[in-house]
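To start, the structure itself, in structure tokens.
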Amino acid sequence: MNMRLHAFEPASRSNGPGLRAVVWFQGCTLACPGCFNPDAHDPEGGQTCDTEDLTRQILEAKQTVEGVSISGGEPFQQPEALLDLLQRMKECGLSRLVFTGFTLDEAKALPLGPQILACVDILVAGRYVRSRHVGQGLIGSSNQRIHCLTTRYRPSDFVGIPASEIILHRDGSITLTGVSPRRMGH
Ligand code: SF4
């Protein structure tokens with residue numbers, strides 16, 4: 001299934017518990033003032049990608065990563081692709097964490113919301129609010145909530161997640177990720 005991709009990182013430690021692949025969806029209309037990733041807002045930006053190809057790339061890293069984190073941009077604004085990707089990750093046994101600017105109640109009411117949430121272990125939910133900035137662990141601002149939707153993780157699993165991370169790739173490229181000051185989404 002086609003989707004609009006902002007970025008992909010095969011192994012990160014600052015986007016959830018343990019070592020995780022990270023997929024940043026392209027496109028977000030929520031327009032939080034102070035968003036750290038405005039380049040991910042344009043729904044026509046980024047690049048077209050096939051969820052099957054993306055799954056293949058993630059599985060290449062499966063021996064080292066314990067799960068996938070999905071961020072953006074706003075993943076719930078590409079609901080069909082989000083559901084497709086999550087179902088593929090679930091079939092592979094990888095844990096699933098999703099960052100969204102929507103609250104949990106809002107996400108439940110979105111198209112495919114209940115089906116998507118049924119595939120998610122952890123939902124980090126809520127708009128980024130600059131006046132309530134904290135930039136610690138998985139949380140960009142204090143209004144955001146971490147919802148454990150399955151029993152796979154416990155609150156203690158979120159302690160000590162680095163707030164930012166610099167990843168050096170073999171080709172010399174660099175990825176800056178994590179929550180403030182270098183967070184790539186939400
Ligand atoms: S913080 Fe997240 S929800 Fe808010 S505008 Fe940025 S990408 Fe969208």
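Just so you know, ligand 1 is whichever comes first in the structure, and atom 1 is the first atom listed for that ligand. On a predicted model such as this, the values are computed, not experimentally measured, just so you know.
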Numbering as shown, the atoms of ligand 1 that approach G101 to under 4.0 Å (heavy-atom distance): 3 (S)
Option passing side-chain contact (heavy atoms from CB on, under 4.5 Å) with M1 (candidates L54, L82, T51): T51
Does ligand 1 have a heavy atom under 4.0 Å from the side chain of A31, from its backbone, from both, or from neither? backbone
So the atoms of ligand 1 within less than 4.0 Å of a heavy atom of Y128 turn out to be 1 (S)
Atom 8 (Fe) of ligand 1 to C28: any N/O/S contact under 2.8 Å? yes
Those residues at least two apart in sequence (or on a different chain) that pass salt bridge (Lys or Arg N to Asp or Glu O under 4.0 Å) with E106 are R127
For the residue pair H133 and Y128, categorise the inter-ring angle as parallel (less than 30°), tilted (30 to 60°) or perpendicular (more than 60°). perpendicular
Listed partners of R56 passing salt bridge (Lys or Arg N to Asp or Glu O under 4.0 Å), at least two apart: E52, D53
Consider ligand 1: state whether an atom of it lies below 4.0 angstrom from any non-hydrogen atom of A40. no
One finds that the ligand 1 atoms under 4.0 Å from a non-hydrogen atom of C32 are 1 (S), 3 (S), 4 (Fe), 5 (S)
Using heavy atoms and a threshold below 4.0 Å, how should the contact between R127 and ligand 1 be classified: side chain, backbone, both, or neither? neither
Hey, can you tell me if Y153 and F158 have their rings parallel, tilted or perpendicular (30° and 60° cut-offs)? tilted
Are L104 and R145 packed together at the side-chain level, in the sense that at least one heavy-atom pair is separated by less than 4.5 angstrom? no
Check whether any N, O or S atom of H41 sits under 2.8 Å from atom 6 (Fe) of ligand 1. no
